[in-house]
Amino acid sequence: MDNVFEVLNERGFIKQTTNAEQVARLLGEEQVAYYVGFDPTASSLHVGSLVPIMAMAHLQRAGHKPIAIIGGGTTMIGDPTDKTEMRPMLSLEQISTNSKGILAQLQRYLNLDNGIANNEESQIASKAGRFLNNADWLLSVNYIEFLRDIGKHFRVNEMIQAKGYQQRLDRELGLSFLEFNYQLLQAYDYLCLFQKYACRLQLGGDDQWGNILAGVDLVRRVEGERVHAVTFPLLTTASGAKMGKTAGGAVWLDAERTSPYEFYQYWINVDDRDVSRFLAYFTFLPMDEIRRLGNLEDEAIREAKEVLAYQATKLAHGKAEADKAQAASRAAFGGGNLDEAEMPTTVITSERLDIGIPIMMLFHEVGLANSRSDARRLIQQGGAYINEKQCRAIDMVVDTDLLEENALLLRAGKKRYHRIIIKEN
RNA sequence: GGGGGCAUGCUAGAGCGGUCAAAUAGGGCAGACUGUAAAUCUGUUGGCUAUGCCUACGGUGGUUCGAAUCCAUCUGCCCCCA
């Protein structure tokens with residue numbers, strides 16, 4: 001079998017490494033503890049985080065030990081990397097809540113058996129990966145000791161070369177001292193993980209390269225050991241947009257924020273040019289199969305998109321949800337039976353419908369329009385449908401006459417559906 | 001500590017006393033075309049009980065018949081000097 005490093009490389013996960021040969025040899029010869037940091041700024045990860053997650057999963061499948069770090073301590077400061085504004089500082093409670101959500105999501109992809117802030121000695125022997133919060137060691141740091149032991153290894157001249165900082169300095173955006181320290185803290189994380197868990201490899205987005213290298217250097221200076229770094233290419237879609245953004249905002253891994261159906265639809269709707277790359281990143285399908293799918297052209301490429309959507313949804317939400325999403329998607333767009341489809345649904349009492357609901361109000365209420373004015377526009381422009389019939393009259397009142405099998409199917413534009421079910425009372 | 005500048009809609013960015021719900025671009029939404037793709041074209045893009053009304057140009061208070069536009073003050077950000 002190929003070395004995991006080769007697997008990752010073939011799938012496009014590798015952008016930069018400290019030393020490709022050494023990393024490959026390390027991964028081929030021993031069981032390596034590796035880590036990736038995640039931001040606890042929200043209670044859910046979004047599809048952008050899937051690149052590191054999938055890379056971790058490949059490594060774990062190859063027998064290496066993942067360590068997922070929640071940047072609880074660093075988030076309390078804010079990360080300047082490639083951001084035009086400071087990140088908000090979060091409270092400990094928020095971070096802890098967010099961490100729980102993130103852990104649950106990571107566990108779908110990885111075997112991480114310990115909980116938050118739980119780094120008992122017994123678990124060091126555990127085969128599963130770990131989930132740690134860097135607040136555990138950062139919060140107790142003593143400023144003077146930190147400066148003496150860690151700070152002395154850093155040169156400001158070098159630090160400000162980092163791209164993220166450079167931008168902030170050049171563009172008059174300003175850089176707070178807090179944020180400037182981020183690099184030291186992240187480097188310190190690596191050192192701690194090396195000392196405690198023999199972590200020898202850090203992975204991260206390519207924008208983190210500078211920070212990761214700072215950690216590699218720090219370990220070398222303090223411990224005299226060679227540790228490694230691998231970065232992932234920063235994913236953008238073929239049209240140049242940041243990965244994982246859609247009309248409605250980010251595509252989350254949390255089913256509460258982005259339903260499995262919407263998640264599935266996100267993948268179905270990717271740009272043709274992104275399909276093979278995404279298959280390599282976001283599924284475990286063998287590369288031969290991916291190449292076959294990637295060679296499909298014109299309409300046939302939808303088959304590849306369907307595979308991508310199904311596989312990605314299955315990983316994130318499980319087989320049952322993926323099946324449902326697929327069925328719903330096929331129903332909505334392939335002429336299948338729409339009533340069977342799983343889609344956002346609102347229950348309305350028959351009483352209300354007897355009176356009649358103005359169409360603008362209805363579209364707004366179920367969320368297909370952001371306001372009544374928005375609904376008005378939608379209707380006027382011919383984007384509103386009830387039971388697949390276009391409705392252009394803004395003064396239309398929806399009542400029981402329109403019911404089909406005790407339900408209504410609303411549609412806004414081409415892709416957004418909403419079902420209304422009537423409840424007797 | 002001293003001096004100067006900036007703050008506008010989702011974003012960037014015009015406007016500098018009335019004709020401003022505010023140019024322009026990007027983004028979003030809708031329509032046409034299509035393959036639930038891309039590109040292109042068209043329309044639209046604060047809210048509402050809708051030919052009108054309300055809320056908006058960092059906060060507050062003034063000047064004025066009338067302010068995003070002028071003045072004062074507060075807050076935040078930036079630059080230069082020390």
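Sequence lines set the chain letters: A, B, ... in the order given, protein chains first and strands last, and positions in each chain run from 1.
Nearest nucleotide to the side chain of A/Arg416, out of B/U45, B/U36, B/A30: B/A30. Considering only side-chain atoms of A/Lys414, the nucleotide from B/C48, B/G31, B/G35 that sits closest is B/G31. The side chain of A/Gln381 lies closest to B/C29 when the candidates are B/U36, B/C29, B/G47.
Defined by atom type and a distance below 3.5 Å, a donor-acceptor pair is missing between the side-chain atoms of A/Thr231 and A/Gln208. A/Arg376 and A/Ser371 share no donor-acceptor pair across their side chains, judged by distance under 3.5 Å alone. For the residue pair A/Asp189 and A/Tyr35, no side-chain donor N or O sits within less than 3.5 Å of a side-chain acceptor on the partner.
The phosphate of B/U36 has OP1 or OP2 within less than 4.0 Å of a side-chain N or O from A/Arg302. An OP1 or OP2 oxygen of B/G31 is reached within less than 4.0 angstrom by a side-chain nitrogen or oxygen of A/Tyr385. Using a 4.0 Å cut-off, no side-chain N or O of A/Arg376 falls inside it from OP1 or OP2 of B/C48. Proximity of A/Ser371 to the phosphate of B/C48: a side-chain N or O atom is located under 4.0 Å from OP1 or OP2. Checking the phosphate oxygens (OP1, OP2) of B/A37, a side-chain nitrogen or oxygen of A/Lys415 falls inside 4.0 Å. Between A/Arg330 and B/U36 there is no side-chain N or O to OP1 or OP2 distance below 4.0 Å.
When the C1' atom is used for both B/G76 and B/C70, the distance is 22 Å, rounded to whole Å. Here the separation of B/C65 from B/G31, taken at their C1' atoms, is 46 Å to the nearest Å. Comparing the same atom, P, in B/C78 and in B/U73 gives a spacing of 22 Å after rounding to whole Å.
Ring pair A/Phe13/A/Tyr281: centre-to-centre distance below 6.0 Å.
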